[in-house]
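Just the heavy atoms: all of them, side chains too, but no hydrogens, waters or symmetry mates, feed the values below.
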Amino acid sequence: MKVLLQWLKNLSSTRFETLLPRHLLSHEYREKREYTRARFPIFLSTAFYPKFYYATTELKLINLSVGGLCTSYSKDIFLNKIVGDQLTLECMWSLDDPHPVPIQVKIVGKSLQQVHCQFLSLPITVYSKVVDLCRVAQAGQRLKPSTNDFTSHLKIEALEFWYGQGGESLILRGDSKYLAELTYCDRQFVLWHDRLEESHADSLSQTEPLSYALIYLCNISTPSENVKTLIYHIAKLLTDSHKKAVSNE
Amino acid sequence: MNDSAINNFEEYKPKLRAGQVIPQGSRIIYETNHPYDQIIVPVELVDVLFLCSGQFNVREIIEKVFKKQGVVHFKATFKLIHCLRDRGFLENGHLLGDKKDNSHTENLKTTEWPWIWNIIIGKRIVNNQNNPILFYCFSMILIAISLWSLLVINLSFESINKSADIPFGYLNLYVSIFFVNSVVLNIVNLTRALCLITLTGRIYNFSLKLSPIGFWFEAGDETQHLIQEKLYRFLFHLTIWLSPLAAYTALHYLPLSATFTEVLTLITTLHLATSINPLTRTPSQQLLKLTEGVHTAPLLTLSLWTSTLALLLYYLLSNWRWPVLTPLSINSITGWLLGGLTVLYFSYLLWKSVTTAHRDYLFPFALRVFHALTSKKIFSKTQQTIDELIEKTQDLPLFTYFPETLLRIILQQGELRNYPPRTQIIYDNDEANDLFILLDGNVEIFKGQSGQKQKLITLPAVTIFGESAIIEKSKRTADVYTRTGATVLKLRADVIRQAAIEAQCGREYEAFKNAMMVNQFFASAPYFRDLPKTTIELLTMKSRLHFLESEVAVFNQGQKGDAFYLIVRGSVDVVINNNAVGTIPQGQFFGEVSLIADIPRTASVITRESCVLLSISRETFWEVLTQHLELAMIIESICEKRILEDLSYHQLQTRPTGS
């Protein structure tokens with residue numbers, strides 16, 4: 001009864017403050033901070049990922065979610081902009097995309113290095129692509145390494161073994177055959193020295209799987225030295241693949 | 001799953017045999033070297049496997065997994081540890097108690113009978129390409145052949161009975177039994193091996209066995225648990241169960257002597273009789289377990305098996321004379337012995353049936369009738385009694401806000417009753433119109449299904465009970481009995497409601513009503529009503545009550561999940577991609593998918609009508625789940641079901657619409 005009386009006293013602040021009326025439920029306005037963000041490999045050109053332009057200048061993405069994006073603030077394009085300003089960005093998803101999609105954003109945060117923008121309108125086509133990208137990123141965020149603290153009774157046949165609660169994994173074999181096995185979003189890849197091969201698939205394009213694999217690895221919260229080497233290796237493969245594609249054109 | 005099993009499970013410290021872990025994509029293979037066996041485990045459960053070192057109990061393992069991963073797969077953990085125990089991977093598996101039986105296999109250290117010579121001929125056959133269609137055809141053919149045997153079976157034992165009269169008759173008889181039994185056992189075991197290899201793609205530990213009654217090939221049934229489809233499991237057990245009959249049909253058409261044919265009939269019948277014994281782990285019993293949920297009445301199942309066995313025994317005894325004990329009559333000692341054993345067996349089944357009927361049906365009914373007939377003495381109140389009542393009740397919640405004059409009026413309108421010991425005051429599921437104040441003595445609250453009531457608490461005087469009457473249109477959620485003789489004041493709920501309005505203490509009344517509402521939710525909602533008091537207190541203390549109008553979004557699809565919601569009043573719509581896909585009613589919960597699977601909200605939830613929701617933070621949610629594995633597994637099951645529904649909805653949406 002004492003517990004009950006104590007609880008009765010706490011009943012005063014019982015109203016929900018973050019609830020939205022039903023008519024505001026759409027893809028057009030989303031609270032930025034409430035969605036999973038995909039971290040981008042900032043050392044690499046964003047050419048393999050969605051490209052956002054403001055006033056013909058390409059933005060360097062730090063992270064992206066269905067709520068908004070964060071871009072590095074190296075250029076002076078945002079110099080006169082303040083929090084609350086609305087802008088129109090142009091989004092191109094692939095290199096050969098002839099029709100950039102205009103996207104309305106609002107600046108919701110600004111620091112010396114970064115600008116945070118919230119999407120005010122996100123077309124459904126871009127939305128679904130961002131969701132796919134974030135799903136891969138989230139799989140990477142879930143990865144945790146196997147520790148040897150309690151595994152004296154078991155021998156793990158891998159150099160490093162990372163796994164997540166969504167069925168994703170990263171296996172570094174440490175033998176000469178191949179470098180690693182990557183499993184995420186129900187897809188399984190084998191990373192060889194010169195290519196990334198998807199199991200049970202006949203994929204010819206390398207750019208997309210490599211880009212996604214890189215997002216997957218870059219979103220690991222505390223990567224080991226071996227994982228960092230792997231990231232570097234994939235980035236190199238991706239750059240080579242890109243160069244090859246450009247030279248073919 | 002009973003509580004003691006769960007408690008035992010939570011304290012159990014699983015110790016895995018030394019072995020190796022081979023990661024393979026989204027799964028890992030764990031294998032031991034001696035004796036050889038392996039198991040495939042989803043990658044999500046790797047931590048559990050690593051922590052099964054004998055240092056930690058299951059509760060500690062779950063806490064450690066949660067600290068590392070942020071989520072725990074309770075049901076899978078529970079199943080994994082039991083599966084490891086059943087497959088003999090745990091060194092201390094025997095400490096976990098009895099096997100949960102039906103799906104899993106024998107321990108690797110199988111029982112070795114001294115009169116059976118075991119020759120191990122192989123460790124495993126693995127063929128990753130399982131073929132259910134082949135299994136289906138094979139099982140159908142075998143079942144058809146088995147049923148054909150019913151048309152050709154001949155229950156005559158003349159030749160066997162004459163064995164005593166001819167030279168070497170017994171030797172001939174023994175050779176026939178050895179030969180026929182070997183053939184039947186080989187056919188049964190080969191059938192099982194073929195079924196397993198076609199269904200699961202693998203069989204382990206096969207051997208040749210030689211005993212005084214036969215020589216046969218045997219394959220281990222360790223991979224039986226890999227059969228996931230209920231239909232296939234059903235067909236598998238049915239096929240194995242009927243396989244002796246198939247053997248009968250196959251051998252019946254061979255030109256065998258009369259003695260062989262009769263021995264074949266005898267052996268087949270004995271195999272069938274053994275396999276319908278409901279008290280041991282047999283194929284027929286596993287078949288029966290598959291129908292759980294359809295025939296839950298224990299009486300029905302026992303009756304079914306008893307009558308089948310009785311018919312079989314009757315048929316056998318009426319057609320057959322035992323050659324050595326000729327004639328089998330009630331006058332011989334062995335006849336008495338056999339008769340006695342049969343009577344004992346049937347008495348046991350009958351006793352079990354009667355106790356079940358008594359516990360589940362007769363006793364609760366008789367108790368209710370008895371209490372209905374027990375008189376309740378109502379006595380009138382004098383001025384002095386009213387003064388005493390005011391003194392006793394004025395410190396009770398809500399009553400403390402009433403002025404004395406009003407309280408006097410309320411108490412005057414109440415009924416003062418004296419109840420003898422063990423008398424029922426409140427009946428579960430009755431309409432709740434009255435509030436009770438226990439003035440003297442003790443009452444006990446019981447909850448649960450008929451025949452399996454559990455005592456929740458003993459209330460001392462002076463206490464309010466039956467407070468659910470304060471909330472309109474509610475029903476009782478428990479039985480209340482007097483423990484000793486008790487004096488109880490019965491007050492009409494509408495009188496108290498009116499009094500609260502007149503006393504202008506509406507806010508206190510509302511707060512009291514809300515508290516009662518939450519209490520009643522935890523007392524009546526499925527999945528939560530069996531939680532211990534301390535857990536409910538924890539949930540109540542760390543939760544927030546929200547009053548929402550209709551058409552309000554509680555959360556949106558894609559958002560990060562940070563809370564779990566219980567629907568105290570009202571109902572909500574589940575919306576995926578702006579399309580309503582379902583409704584969750586009062587007493588249920590939502591928001592668990594995001595927390596359990598550690599994914600963004602898979603759907604938006606919008607109130608369908610005015611709702612009262614209780615929100616529980618992520619931290620509290622996990623704190624409660626890690627402490628209550630049974631609740632955790634129930635919530636996880638519902639979560640799985642909802643994820644599957646969401647997936648099927650998405651598949652439906654993405655399906656091409658045709659030409």
Side-chain angles (χ1 to χ4, degrees), chain A residues 1 3-16 18-27 30-31 33-36 65-67 131 134-135 138 142 144 146-158 161 163-169 171 173 181-184 186 188 199, chain B residues 15-28 30 42-44 46-47 49-56 64 68-73 397 463 508 511-512 514-515 518-519 537 540-541 544-548 551-554 556 558-560 575 578 597-600 604 606 613 615:
Chain A
M1 197 54 77
V3 175
L4 188 69
L5 289 173
Q6 201 174 345
W7 184 75
L8 280 171
K9 287 177 191 166
N10 295 335
L11 275 176
S12 53
S13 60
T14 57
R15 293 284 163 187
F16 227 123
T18 56
L19 296 170
L20 288 173
R22 189 174 193 165
H23 65 269
L24 284 178
L25 249 184
S26 73
H27 295 306
R30 289 172 180 276
E31 186 60 41
R33 65 176 181 274
E34 290 179 354
Y35 297 91
T36 306
S65 74
V66 292
V131 166
C134 290
R135 202 172 286 147
Q138 203 187 18
R142 279 197 294 254
K144 302 278 187 314
S146 63
T147 52
N148 293 322
D149 301 349
F150 313 110
T151 57
S152 56
H153 58 303
L154 294 175
K155 185 184 157 206
I156 305 171
E157 284 200 351
F161 177 36
Y163 49 90
Q165 295 297 293
E168 53 278 319
S169 72
I171 306 157
R173 289 290 182 197
E181 280 176 50
L182 292 81
T183 307
Y184 53 86
D186 299 325
Q188 197 175 340
S199 307
Chain B
K15 187 175 184 191
L16 212 57
R17 288 178 195 280
Q20 53 190 351
V21 166
I22 309 160
Q24 281 192 351
S26 59
R27 62 188 195 169
I28 62 148
Y30 157 67
V43 80
E44 298 92 307
V46 172
D47 285 313
L49 215 57
F50 287 160
L51 289 162
C52 288
S53 58
Q55 294 176 52
F56 311 106
K64 281 183 186 296
K68 183 177 175 187
Q69 301 287 359
V71 289
V72 182
H73 298 273
T463 321
E508 288 77 9
F512 184 76
N514 290 341
V518 173
N519 268 4
E537 279 177 4
T540 313
M541 284 297 291
R544 287 183 68 194
L545 206 58
H546 305 281
F547 298 87
L548 308 178
E551 299 278 300
V552 171
V554 183
N556 295 336
Q559 284 181 344
K560 283 180 190 168
V575 177
N578 284 345
D598 194 22
I599 52 173
S604 302
I606 294 157
L613 304 178
S615 72

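- B:Pro23 touches chain A through backbone and side chain together, each having a heavy atom under 4.5 Å away.
- In terms of modelled atom types and a separation under 3.5 Å, the side chain of A:Ser146 and the main chain of A:Phe161 share a donor-acceptor contact.
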Chi angles and distances behind the side-chain contact (heavy atoms from CB on, under 4.5 Å) call for B:Ile28, A:Tyr163: CA-CA 10 Å; B:Ile28 62 148; A:Tyr163 49 90; over 6 Å; no
Criterion side-chain contact (heavy atoms from CB on, under 4.5 Å) on B:Val21 and B:Val46, from CA distance to verdict: CA-CA 9 Å; B:Val21 166; B:Val46 172; 5.5 Å; no
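- The closest donor-acceptor contact from the side chain of A:Thr183 to the backbone of A:Gln188 lies at 3.5 Å or more, if one exists at all.
- Looking at A:Arg135, there are no atoms closer than 4.5 Å to chain B (heavy atoms on both sides), in backbone or side chain.
- At a 4.5 Å heavy-atom cutoff, the contact between A:Gln165 and chain B is made by backbone and side-chain atoms alike.
- For chain A, the nearby parts of B:Lys68 are the backbone and the side chain; heavy atoms of each come within less than 4.5 Å.
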